[in-house]
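Taking it in order: structure first as structure tokens, then the write-up.
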Number of protein chains: 2
Amino acid sequence: MHDGPNSPPTLHDVAREAGVSVATASRALNGSTRNVRSENASRVRAAAAKLGYQPHLSAQAIARGSTRTVALVVRDVADPYFSAIAAGVGRAAEADRLIVTMAVAEGSPERELEIVRTLRGQRPRVIIVAGSRVDGAGTGDALAEELRHYRTAGGRVVLISQPDLPFPTVTIDNRGGAERLATALLGAGYRRFAVLTAPPEIRTSRERHEGFLAGLRGCGVPEPLVIETGFTREGGYEAARRLVTRGFEDVEAVFAVNDVMAIGAMTAFRDAGVVPGADIGVAGFDDIASAVDVVPALTSVAVPLREAGARAMRLALSQDETAGAESSAEMPTHVVLRDSTHVRPAP
Amino acid sequence: MHDGPNSPPTLHDVAREAGVSVATASRALNGSTRNVRSENASRVRAAAAKLGYQPHLSAQAIARGSTRTVALVVRDVADPYFSAIAAGVGRAAEADRLIVTMAVAEGSPERELEIVRTLRGQRPRVIIVAGSRVDGAGTGDALAEELRHYRTAGGRVVLISQPDLPFPTVTIDNRGGAERLATALLGAGYRRFAVLTAPPEIRTSRERHEGFLAGLRGCGVPEPLVIETGFTREGGYEAARRLVTRGFEDVEAVFAVNDVMAIGAMTAFRDAGVVPGADIGVAGFDDIASAVDVVPALTSVAVPLREAGARAMRLALSQDETAGAESSAEMPTHVVLRDSTHVRPAP
DNA sequence: TTGTAGGCGTTATCAG
DNA sequence: CTGATAACGCCTACAA
């Protein structure tokens, strides 16, 4: 009570309060509890409780040489795609009493690089990068370099949906899902399509686009119209508006490379007096929660996003173990047809 | 090159590589750059770059006695309400080069307590608790106790939407917003209401409920029917289904205490063949992004969630400064009437 | 079972 | 301007 008012209590304080040495206090609170006399152990615990002691994680980290931290990089927390992944990572981390620190790489690659750098300073057990702009091991790819440094220093890296980098990756079957979606839409009677894509640097978008084209190929349908826009709800809205302005007599259905874009597009259509599902089919990708709450309910490709996050964690953790550890996993996707592609256009 | 293959390079390695002392290396990389000869400085920087050195944040934390970490506690990342707040916190933190660590307190108060405890071990500059189950300073409130410990040790606590605890708080004008919503709905011609609430332990729900009742009071309308359910989309769905089953001849409009519940309710209505906006009015609270994408667009009360998060950060940071620092802030809310309460019921 | 002492990677103090 | 050296809070042989 006679020292400074603030600055949290240390192990020394607890030891003094309990009348034992720091070593004993340390052992009683963390090390193998077996080796300390139970009376002392409870004295220490009592002292800790009384003082409101909480071990300094940084001190433990440096003393032990390792942390219980998982670093997660996402592009945007507010995007349901990423928050679902984040939720999965969080849940899996919790099971192992790991702490997840989350960084948001809004847009700029520089920012992204800076983030991974900082993260590296945290000495996390694992770094998980979800949907960033890691594009290929091309020259000047400072990000990959940074991750390589981290891995060399004993860190574990897991990427989500960035299969072309030399790190364990949780992959999503974007291509296959989009291909099956194309098939399903053909089956529903649609023949003439527009595709709403994001810029090709965003690999997820590119894969879905390519998969969709692949599904169409050889079926004698015309080459789809392609409208490039942002990977966001606003992007989708804007693209649909452009489509309406241009005139869409030659388009029966629109495939947006993700659900938020598709939902934005549906709203744009409605705002322009075009009825989605009736006047034009709309399909998305991801099957986010709100896909069933829009009208008409959105046809989409379901992606187990939470599972992907959880899987990434497990993948990272399993790398400790003997060589047998698998180094990547692909999450399956499946088409969910709903009313937004229900009404088959008249021939 | 002759030591173990992994374990990241330390400042010693950099110093050796650059041919200077650790002290100099430290100064060149972090301390006031002015006091080191520019030639040495660049040698050090070069060595650091070559080795891929990254300062050990934990070591810095313990040496400096402080961290650059902000801890954020939310109930669920995947809920747009919390992810919007998180986004705001993240943005504000970024401006001060602070790192956000995010913990998810899914449900159980024990888990929540454990989280704050662990967080305390991180020695963050700030702990922000958003929408947890802190209910009142009643006896046995271990969470408040934990936060008090933290604050005593010099930490800054900011709560979002928990005004009855003795910590700086960013408050949301739930009561006022709900009251004005009630007035607006009365103005639109609705007279007989049902309220979809969450259990009263969730203070946000309680406030909105009470505000709504207050807005109705003295207007000669019947006491609303109250349906208690979960604070989630599923809760809303379920409650609406119950309402339909029960029969809703005496209800013209439904007020759900948040948007995800309202959206769930709308879907339930539709599934039961009841047309929201026409057969029954629906209003929510929060004005989340998807409120404009559902059909009919959802009447709601807009809450500046991102701003609330950012504000919480600033509030925390300003507590450093001289006594004049404000200790709380209230975020305004405003009613947004849309088509879900557009069609005025026949008298 | 317990205490002493050295070390983890940085920063900060204090002589050179 | 630079280099030893003592902290920082904790863990862990090693010795008692």
Side-chain angles (χ1 to χ4, degrees), chain A residues 3-4 6-44 47-48 51-69 118 120-124 153-154, chain B residues 3-4 6-44 47-48 51-69 118 120-124 153-154:
Chain A
D3 46 13
N6 41 19
S7 99
T10 76
L11 196 53
H12 280 87
D13 301 327
V14 175
R16 185 168 0 104
E17 175 81 22
V20 299
S21 75
V22 261
T24 302
S26 172
R27 287 190 276 253
L29 296 174
N30 310 299
S32 44
T33 324
R34 310 285 164 90
N35 340 337
V36 45
R37 195 172 7 142
S38 67
E39 190 202 314
N40 274 347
S42 46
R43 288 168 67 90
V44 171
L51 267 38
Y53 169 76
Q54 203 55 34
H56 193 309
L57 260 33
S58 288
Q60 290 193 152
I62 158 180
R64 300 212 247 245
S66 73
T67 62
R68 302 196 61 75
T69 295
T118 310
R120 208 147 71 74
Q122 296 256 53
R123 301 290 188 277
Chain B
D3 47 13
N6 41 20
S7 100
T10 75
L11 198 51
H12 280 86
D13 302 327
V14 175
R16 185 170 358 103
E17 175 81 22
V20 299
S21 73
V22 259
T24 302
S26 172
R27 287 190 276 253
L29 295 176
N30 310 300
S32 44
T33 323
R34 311 282 163 92
N35 338 336
V36 44
R37 197 173 5 144
S38 67
E39 190 202 312
N40 275 347
S42 46
R43 288 168 67 91
V44 171
L51 267 38
Y53 167 78
Q54 202 56 33
H56 194 309
L57 260 32
S58 287
Q60 291 192 154
I62 160 181
R64 299 211 248 244
S66 74
T67 62
R68 304 195 60 76
T69 295
T118 310
R120 209 146 72 72
Q122 295 257 54
R123 303 288 188 275

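In what follows, chains are A, B, ... by sequence order, proteins preceding strands, each numbered from 1.
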Roughly, in whole Å, what's the span from [atom1] in [X] to [atom2] in [N]?
X      : N      : atom1 : atom2 : result
B:R64  : C:dA12 : CZ    : P     : 7 Å
A:R16  : C:dG3  : CZ    : P     : 15 Å
B:R120 : D:dG9  : CZ    : P     : 15 Å
A:H12  : D:dC8  : NE2   : P     : 9 Å
A:I62  : C:dT10 : CD1   : C1'   : 7 Å
A:N35  : D:dC11 : CG    : P     : 14 Å
B:H56  : C:dC8  : NE2   : P     : 12 Å
A:L29  : D:dG9  : CG    : P     : 16 Å

Tell me which of B:R123 and B:V20 sits closer to the 5' end of DNA chain D, going by the nucleotide each one is nearest to.
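Per heavy-atom nearest nucleotide, the more 5' residue is B:V20.
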DNA chain D: 5'-proximal contact among B:A59 and A:A23 (nearest heavy atom):
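Taking each residue's closest nucleotide, the earlier one in sequence belongs to B:A59.
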For the student: nearest non-hydrogen atoms of A:R123 and B:Q54, plus distance:
NH2-O, 2.9 Å
Side-chain donor/acceptor contact of B:R27 with base of D:dG3 under 3.5 Å
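Side chain to base: pair present.
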Minimum side-chain heavy-atom gap [X]-[Y] below 4.5 Å:
X     : Y     : value
B:S26 : B:L11 : yes
B:V14 : B:L51 : yes
B:E39 : B:R43 : yes

If you check the A:L11 side chain, which of D:dG3, C:dT2, D:dC10 turns out closest?
D:dC10
Between C:dT10, C:dT2, D:dT2, which nucleotide gets closest to the side-chain atoms of B:R37?
D:dT2
Of B:A63 and A:S21, the one whose closest nucleotide on DNA chain C sits nearer the 5' end is A:S21
Residue-phosphate contact under 4.0 Å: [X] side-chain N/O, [N] OP1/OP2:
X     : N      : answer
B:T24 : D:dG3  : yes
B:N40 : D:dC1  : no
A:N30 : D:dC10 : no
A:Q60 : D:dG9  : no

Return the OG1 to NE2 distance between A:T10 and A:H56, rounded to the nearest 0.5 Å.
10.5 Å
Under 4.0 Å, heavy atoms only, any strand: does A:S26 hit a base, just the sugar-phosphate, or nothing?
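Base, at least one base atom sits under 4.0 Å.
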